[in-house]
Amino acid sequence: IVLPNALQVLLISDPDTDKCAASMNVSVGSFSDPDGLEGLAHFLEHMLFYASDKYPLEDSYSKYISEHGGSTNAYTASDHTNYHFDVNSDCFEDALDRFAQFFIKPLMSADATIREIKAVDSENQKNLLSDGWRINQLQKHLSEEGHPYHKFSTGNWDTLEVQPKEKGLDTRLELIKLYEENYSANLMNLVIYAKESLDKIQSLVEDKFQEIRNNDKSCFSFPGQPCSSEHLQILVRTVPIKQGHKLRIVWPITPGILHYKEGPCRYLGHLIGHEGEGSLFYVLKTLGWATDLCAGEGDGTTEFSFFTVVINLTDAGHEHMQDVVGLLFKYIHLLQQSGVCKWIFDELAAVCETSFHYQDKTPPRSYVVRIASNMQLYPQKDWLVRSSLPSNFSPSIIQTVLNQLSPDNVRIFWESKKFEGQTAMTEPWYKTAYSVEKITGSMIQEWMLFAPNEDLHLPAPNVFIPTDLSLKDAQEKVKFPVLLRKSSSSSLWYKPDTMFSTPKAYVKIDFNCPFASSSPETEVLTDIFARLLMDDLNDYAYYARVAGLDYGIRNTDSGFQVTVVGYNHKLRILLETVIEKISKFKVKPDRFSVIKEMVTKEYGNLKFQQPNRQAMYYCSLLLHDQTWPWMEELEILPHLQAEDLAKFIPLMLSRAFLECYIAGNIERSEAESMILHIEDVFNGGPDPICQPLFPSQHLTSRVIKLERGINYLYPIE
């Protein structure tokens with residue numbers, strides 16, 4: 001519906017929901033910050049929460065929502081700001097009334113101003129040691145000064161208090177000015193998700209939101225590109241906070257939103273980011289140079305955008321940076337030579353369509369946030385779909401974006417601790433050390449020429465795409481999982497889907513192995529074992545992941561766990577492949593050293609996590625039985641060799657109990673036969689891989705009980 005004040009509203013009625021939610025998207029973001037008042041739009045987002053004319057008690061909105069089972073948040077992006085909350089359905093009307101007042105008559109009192117500037121400053125402080133924030137701002141810093149992309153959007157004490165005062169500006173008056181000039185009903189999109197009928201929700205919305213002022217303000221737009229020639233063809237070396245080496249290769253491109261039905265970035269991201277045999281990542285991994293690669297469209301607006309490839313390098317990969325970039329451009333050249341393939345686009349479109357039609361229900365709060373921001377960008381018929389359904393095959397549009405991924409307009413950001421002391425410049429907001437060097441097309445041609453001659457090729461057709469999406473008839477209308485069978489080596493819990501009616505299933509197998517976590521050393525070995533399994537399966541199982549069938553293997557407090565989840569049609573093929581890999585696993589020394597290097601860096605980086613995350617880690621370390629501190633595990637790592645793992649795996653598996661849970665669109669007989677097969681692999685034959693546990697070895701998960709009235713303090717730096 002559209003209210004008389006031009007506010008566009010989408011109403012969603014869900015009689016089964018226990019939570020109601022609302023999201024207001026305002027088409028004003030940090031690009032609208034006045035010069036010299038960096039972070040003002042973000043500060044305004046903070047201030048609106050505080051109080052309103054109708055509800056003058058400070059923070060009463062947040063307090064009301066948290067007291068009624070809800071949560072509230074907001075975020076400021078470059079071209080929009082989004083405010084949202086969810087709450088128990090019986091309190092929705094009162095919560096909505098408080099929410100509406102943000103946009104009708106907020107107080108923005110003088111005494112709250114300083115306090116909220118401090119809150120914004122504290123938010124910025126926590127980001128100062130985050131590599132993600134640092135590299136993002138460095139990319140902005142190396143762009144046209146006159147373009148809003150160049151700005152610092154968070155704000156801090158300096159930009160919102162010190163500098164304005166020096167210029168004789170009153171931050172609060174500037175804040176009110178920004179609000180009054182830009183917060184106009186015609187630039188707002190509201191989504192309401194409630195239990196009532198649509199008619200009831202409509203009258204509720206008309207009653208609460210009609211007073212929002214409409215200034216007929218036009219949407220902020222800033223034509224022109226953020227990067228001119230001086231910001232292209234550059235190699236930027238920068239020093240991160242965490243250990244590790246990263247390559248970020250970035251090109252300015254035509255924004256994907258302009259061609260969302262053709263999906264050029266989805267097509268190119270799918271191919272450049274592929275991990276199957278013949279892909280760029282497969283080759284880099286085989287050479288021992290990379291542990292991770294992702295590709296796709298990064299941040300942007302309707303005016304500009306970037307295509308980004310991020311590669312996590314090993315120490316050896318860091319030494320071969322030019323070869324890595326050369327191989328990337330060789331793969332892009334391969335895409336140019338092969339032309340745009342209709343079968344690849346059709347396959348991708350089919351995967352997207354299946355994924356859209358069988359998507360899981362999204363929690364109300366996330367759902368309203370997503371749709372409210374879609375309303376700003378897409379025509380009405382695509383508000384729910386967004387760009388998730390590419391349907392128009394246009395080789396020329398894909399080719400246009402592919403041509404933009406050229407050596408002539410590339411920006412390469414290379415992060416490594418090894419650059420400490422070799423950088424001459426400092427980014428002003430986060431104090432990131434960096435240096436810039438110009439590179440030319442001919443230099444990249446040379447890197448391509450000298451890069452290893454590996455067999456790069458397009459992916460094969462995806463055998464994991466489901467074709468049978470029929471629903472099984474669940475005979476058991478059970479509400480809770482039932483114990484289908486139990487033997488000395490496994491138990492099977494089963495829960496057929498009686499609620500969601502989707503062609504998906506979920507299989508989880510807990511390998512309880514007493515030898516796996518008996519010491520810091522065995523825990524590290526189990527962790528490396530789980531990662532090596534994932535590593536070994538990747539080029540085969542990546543196809544399953546693309547087709548909506550996901551899997552994971554991770555170490556737990558008591559052994560390791562295998563999860564397979566997604567469309568049930570081909571789930572068993574993947575599960576049996578995973579089980580076979582575990583039963584016949586052989587340690588490859590070259591992969592062992594790559595994974596060991598990765599684990600060593602990860603453990604070493606734990607000390608850079610946000611303080612609240614670290615506090616939670618130490619809390620569980622103190623309270624849980626059989627957990628080992630990362631410092632001890634880090635101490636052991638340098639001494640571990642591939643032989644240690646090769647000796648350990650048969651020992652770990654020699655005693656095991658498998659706790660299995662199978663749920664979803666799977667019949668009872670299928671579930672039983674899956675587990676019988678797994679038992680056969682591990683417990684069958686004259687010389688079985690696993691023996692049952694002794695009664696005393698069965699696990700009890702123990703946690704320290706904190707008695708009332710006793711306080712403990714565990715300080716850690």
Side-chain angles (χ1 to χ4, degrees), residues 243-245 275 277 281-293 311-320 323-324 452 454 511 513-542 551-562 577-606 628-656 681-682 687-690:
Q243 294 177 43
H245 323 283
E275 297 180 17
E277 197 190 331
F281 178 68
Y282 178 82
V283 164
L284 293 174
K285 186 181 127 174
T286 310
L287 291 163
W289 291 350
T291 57
D292 196 20
L293 182 151
I311 307 171
N312 281 333
L313 302 173
T314 60
D315 291 348
H318 177 75
E319 300 305 322
H320 286 272
D323 291 327
V324 173
E454 298 291 329
F511 284 75
C513 310
F515 294 123
S517 53
S518 55
S519 70
E521 185 171 6
T522 59
E523 184 151 309
V524 174
L525 286 168
T526 310
D527 186 11
I528 293 176
F529 167 64
R531 290 172 192 246
L532 277 171
L533 275 168
M534 289 290 284
D535 182 70
D536 204 26
L537 280 160
N538 191 57
D539 41 294
Y540 166 79
Y542 181 78
Y551 70 101
I553 304 160
R554 63 178 193 90
N555 67 317
T556 61
D557 287 349
S558 55
F560 64 98
Q561 191 177 71
V562 173
T577 307
V578 173
I579 293 302
E580 189 186 16
K581 269 278 189 254
I582 294 169
S583 66
K584 297 181 175 166
F585 192 71
K586 293 278 175 282
V587 181
K588 297 173 184 161
D590 60 330
R591 296 313 297 160
F592 176 86
S593 46
V594 166
I595 299 293
K596 175 181 158 180
E597 180 193 307
M598 189 163 111
V599 171
T600 306
K601 286 174 187 163
E602 261 182 47
Y603 286 11
N605 283 333
L606 287 171
W628 315 106
W630 65 264
M631 303 75 93
E632 291 178 9
E633 295 179 340
L634 192 58
E635 209 175 297
I636 288 156
L637 267 162
H639 311 292
L640 295 178
Q641 301 304 326
E643 313 64 276
D644 299 320
L645 183 61
K647 279 186 208 143
F648 169 71
I649 294 168
L651 172 70
M652 172 181 70
L653 292 173
S654 66
R655 293 273 168 199
V681 170
F682 289 106
D687 186 18
I689 298 169
C690 303

State, yes or no, whether a side-chain contact exists between [X] and [Y] at a heavy-atom distance under 4.5 Å.
X	Y	value
E521	W628	no
Y551	V562	no
D535	K285	yes
D527	E523	no
I689	I582	no
L651	T522	no

Donor-acceptor under 3.5 Å (R531 side chain, K596 main chain)
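No: the side chain of R531 does not pair with the backbone of K596.
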
Is it true that a side-chain atom of T526 and a backbone atom of N555 form a donor plus acceptor pair closer than 3.5 Å?
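Pair absent, no side-chain N/O of T526 close to backbone of N555.
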
Could you give the distance from [atom1] ([X]) to [atom2] ([Y]), rounded to the nearest 0.5 Å?
X	Y	atom1	atom2	answer
N538	F281	CG	CZ	6.0 Å
E643	F648	CD	CZ	15.5 Å
L533	I649	CG	CD1	7.5 Å
S519	E633	OG	CD	9.0 Å
E277	T286	CD	OG1	8.5 Å
L532	L645	CG	CG	6.5 Å

Search all heavy atoms of [X] against all heavy atoms of [Y] and return the closest pair with its distance.
X	Y	answer
I553	M534	N-SD, 3.3 Å
M652	A516	SD-CB, 3.8 Å
Y542	E275	CE2-N, 3.3 Å
T314	T291	CG2-CG2, 3.8 Å
S654	F515	OG-CE1, 3.6 Å
A656	C690	CB-SG, 4.0 Å

Evaluate the ring planes of [X] and [Y], with Trp represented by its six-membered ring, and classify them as parallel (under 30°), tilted (30 to 60°) or perpendicular (over 60°).
X	Y	answer
F511	F682	perpendicular
F585	F529	perpendicular
W289	H320	parallel

Would you sort out whether I311 and D292 count as a side-chain contact (heavy atoms from CB on, under 4.5 Å), showing the intermediate values?
CA-CA 6 Å; I311 307 171; D292 196 20; over 6 Å; no

Look at K586 together with D536 and state whether they make a salt bridge at an N to O cut-off of under 4.0 Å.
no

Short N-O contact, K601 and E597, less than 4.0 angstrom:
yes

Could you walk me through whether I528 and L637 satisfy the side-chain contact (heavy atoms from CB on, under 4.5 Å) test, starting with their C-alpha distance in whole Å, then the side-chain angles of each, then the deciding distance to 0.1 Å, before giving a yes or no?
CA-CA 10 Å; I528 293 176; L637 267 162; 4.0 Å; yes

Evaluate side-chain contact (heavy atoms from CB on, under 4.5 Å) for F560 paired with L653, printing each intermediate quantity in order.
CA-CA 10 Å; F560 64 98; L653 292 173; 3.9 Å; yes

